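Working notes, beginning with the structure itself.
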There are 2 protein chains.
Amino acid sequence: MQRNPGARPRPVTIKDVAAEADVSLQTVSRVINDGPNVRPAIKERVLKAIEKLGYVPSLAARRMAGKKSYLLLALNDRDRTIEDWRSGDGTDWVDQMLLGGMLKCAEHGYRMIFELVDTHSSNVERELTSALGALHPDGVILTPPHGDNPTITNLLNERRIPFARIGSTRKGAGFGIAMDDATAAAAATAELARLGHRRIGFITGSLEYALSTDRREGYQRAVRAAGIEDDPRLIAQGDFTFESGEAATRELLSLPNPPTAILASSGHMSLAALEVAKSMGFRVPDDLSIISFDDTPIVKFSAPPLTAIRQPIAEMTARAAELLIKVNIGEPGPTKTQIVPFSLIVRSSTGPLKG
Amino acid sequence: MQRNPGARPRPVTIKDVAAEADVSLQTVSRVINDGPNVRPAIKERVLKAIEKLGYVPSLAARRMAGKKSYLLLALNDRDRTIEDWRSGDGTDWVDQMLLGGMLKCAEHGYRMIFELVDTHSSNVERELTSALGALHPDGVILTPPHGDNPTITNLLNERRIPFARIGSTRKGAGFGIAMDDATAAAAATAELARLGHRRIGFITGSLEYALSTDRREGYQRAVRAAGIEDDPRLIAQGDFTFESGEAATRELLSLPNPPTAILASSGHMSLAALEVAKSMGFRVPDDLSIISFDDTPIVKFSAPPLTAIRQPIAEMTARAAELLIKVNIGEPGPTKTQIVPFSLIVRSSTGPLKG
DNA sequence: CTGAAAGCGCTAACAG
DNA sequence: CTGTTAGCGCTTTCAG
């Protein structure tokens, strides 16, 4: 029978647990924080009381009293993220980030809070300050291009808040976590060479991104290593967008001696390559092999599904969270950039050179 | 010059603001909470001090002292969400939810925290209790199928935590926010009829979902309204998956008198319809028009891009957040299910009946 | 209209 | 090994 009808059940606090286990507040606190100096028998009793009462410590109270907030802040670029969401463009960056970050946080009793900040505006500082002030996170995860934004990294550094820079290979405060773009591009190129291709086209990304250059260099390195044609006309300029991919592909396939394989630096450009190739009468993969740099959903469901380099976004974020949590329990942070391995997913857009 | 080298800048608190503005703590508190009884002149002074110091109230402290936490909790099904992320299957449910929910929360100074709970297991209660205990959210947003889970809704109801049930049209505690699936299916069917199609195929979703039935009924209603063929063989059973879509399409297109248009109840099934049609020699849209129920990224980037019914996920989540925030400031919650309009996005997979 | 006091749930520092 | 005492930054009474 309901003793107090209509009453909102009062949330159970550390006091209730202490009373139930007949110990002091402090002892309960020690137990939940895995502190030293608690006799096993007592610990047992406290644990039993916690279990019985269904007690869960309040994050807010812990943060108020202690130094830890059990919160990690993941920062993404507002405009780009919202635009991606609005257009439904098939980028699953955020999802992969949540997959890696949230689950890793949960493992350690942490929570990942996802925030958008406007990097380009002069408000970064205000926005970041405000998020830090409201949340007091124990660490921050910066996604590209935030990791290379000095306003952000300096602010974080001044406040002594540990942070991870995803996709950033520069030296500096915090620590970088990235994949090896050059080697990935080289691996894709080598795969194409292995299939017998000797004329391999490459569509670059925006050159303002360091990784675009890295990828091109990896491609060139592999081309030379394979001893195949190193024709500058096989490199076309793109900017990651579908439209730029169309133009670049048209350029490549209109060459007197067109490539038999193309490596494109983004999912959208790869899809564009596929469409243009089809419209120009090239069959994929019989006449033209295509590899996508980005393993987004849209390249898996194209016809044919594309062979792709998979960026380890979830893994990088998980690593970031893990390291940040470690730093928080006093362990030293990494001293050099963490390199996380990519992988090459072979699907039906690549095949041996015909003829 | 740095006055205190190496010192972590002490975060600015309400005290600092009070001192700066030469008023009491409470006055500052009143200003930030838009409380009554503050002379404009004083309010002005406080605001100036806040601005100058870059003060942001601590969420944790506010939650400790007051009743509000400025947090909304969005609950998704753990297994399904993780599986979608892992497989990169092109569902952008979470993204759309974040788009609508986070932005709306931000508008009101709230934060949306995203959590995964295991609906199927017997742990729901424990997991939910634990999230509520740690966070003390001011409201909860339930995504399908959580809104129809009595364990969850009862728990929330007992604790007097306001909650929204997205995609749930049942009566009960909290409030439902959904789209009109039947009308949406009818609209798509009507569009096909308008284009001159008289044999329109329909691929259902799993019949364990109420919305599958709703959609089929909407389709049938529109078929009759258009006075076109109401052939039961034109309805094929699917379960939302790509594979089931392949089988259903094959079945439909192998009919002695195959449909000239197909409405499929999921993005994956629509893509399957496209592939099977192509492989069987049907040109889309010349020989067969296709409409997808779900406007996910993968159906926008197919060749041709698919005409689709867009579910207003972002809008529903935004509405949910808005209503929960309203309830929190004392306004009454809605008394009946909120219906949010869908839309039909016409792309290149639909065309007039040929011949 | 404004201020002073009390306390939210927890941890840090110190006693015992 | 365990308990006591003070706050954390803020909102809530309740006085003025």
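Here is how names work: the chains are called A, B, and so on, in the same order as the sequence lines, proteins then strands, and each is numbered from 1. From a predicted model like this one, the values you see are computed outputs, not experimental measurements.
For a distance-only test at 3.5 Å, the side chain of B:R30 qualifies as a donor-acceptor partner of the base of C:dG3.
For the pair B:L53 CG and D:dG9 C1', the interatomic distance rounds to 15 Å; values are reported in whole Å. Look at NZ on B:K68: it is 13 Å from C1' on D:dT12, rounded to the nearest Å. The interatomic distance linking B:L25 (CG) with C:dT2 (C1') rounds to 12 Å, in whole Å. Rounded to whole Å, the distance from NZ on B:K43 to C1' on C:dT2 is 15 Å. One atom, NZ of B:K15, and another, C1' of D:dC10, lie 10 Å apart when rounded to the nearest Å. One atom, NE2 of B:H136, and another, C1' of C:dC10, lie 11 Å apart when rounded to the nearest Å. Across the protein-nucleic acid pair, B:I14 atom CD1 and D:dC8 atom C1' stand 13 Å apart, rounded to whole Å. Rounded to a whole Å, the CD1 atom of B:I50 is 16 Å from the P atom of D:dG9.
Using a cutoff of 4.0 Å between basic side-chain nitrogens and carboxylate oxygens, A:E107 and A:K104 are scored as salt-bridged. Ion pairing of B:R319 with B:E322 is absent here, as no side-chain N (NZ or NE/NH1/NH2) approaches a carboxylate O to less than 4.0 Å. For B:K43 and B:D34, the salt-bridge test passes: some basic side-chain N is under 4.0 Å from an acidic carboxylate O. Look at B:D16 and B:K52 and you find no salt bridge, because none of the NZ, NE, NH1 or NH2 atoms lies under 4.0 Å from a carboxylate O.
Look at B:R63 and you won't find any side-chain N or O under 4.0 angstrom from OP1 or OP2 of C:dC8. Side-chain N/O atoms of A:Y70 include none lying less than 4.0 angstrom from OP1 or OP2 on C:dC10. Put simply, B:S29 has a side-chain N or O that comes within less than 4.0 Å of OP1 or OP2 on D:dT11. Taking 4.0 angstrom as the limit, A:R39 places a side-chain polar atom (N or O) nearer than this to OP1 or OP2 of D:dT2.
Looking at which nucleotide of DNA chain C each of B:V38 and B:M64 is closest to, the 5′-most match is held by B:V38.
For B:Q26, the listed nucleotide lying nearest its side chain is D:dT12; candidates were D:dC8, D:dT12, C:dG9. With D:dT13, D:dG9, C:dT2 as the choices, the nucleotide that has an atom nearest any side-chain atom of B:K67 turns out to be D:dT13. Comparing D:dT2, D:dT11, C:dT2 by their closest approach to the side chain of A:T27 singles out D:dT2. Nearest to the side-chain atoms of B:A65 among the listed nucleotides C:dC10, C:dG3, C:dC8 stands C:dC8. Ranking C:dG3, D:dT13, C:dC10 by closeness to the B:S24 side chain, first place goes to C:dG3.
Counting non-hydrogen atoms of other residues, nucleotides and ligands closer than 6.0 Å to CD of B:E125 gives a total of 12 or fewer.
Within the 4.0 angstrom heavy-atom criterion, no nucleotide atom of any strand lies near A:L59.
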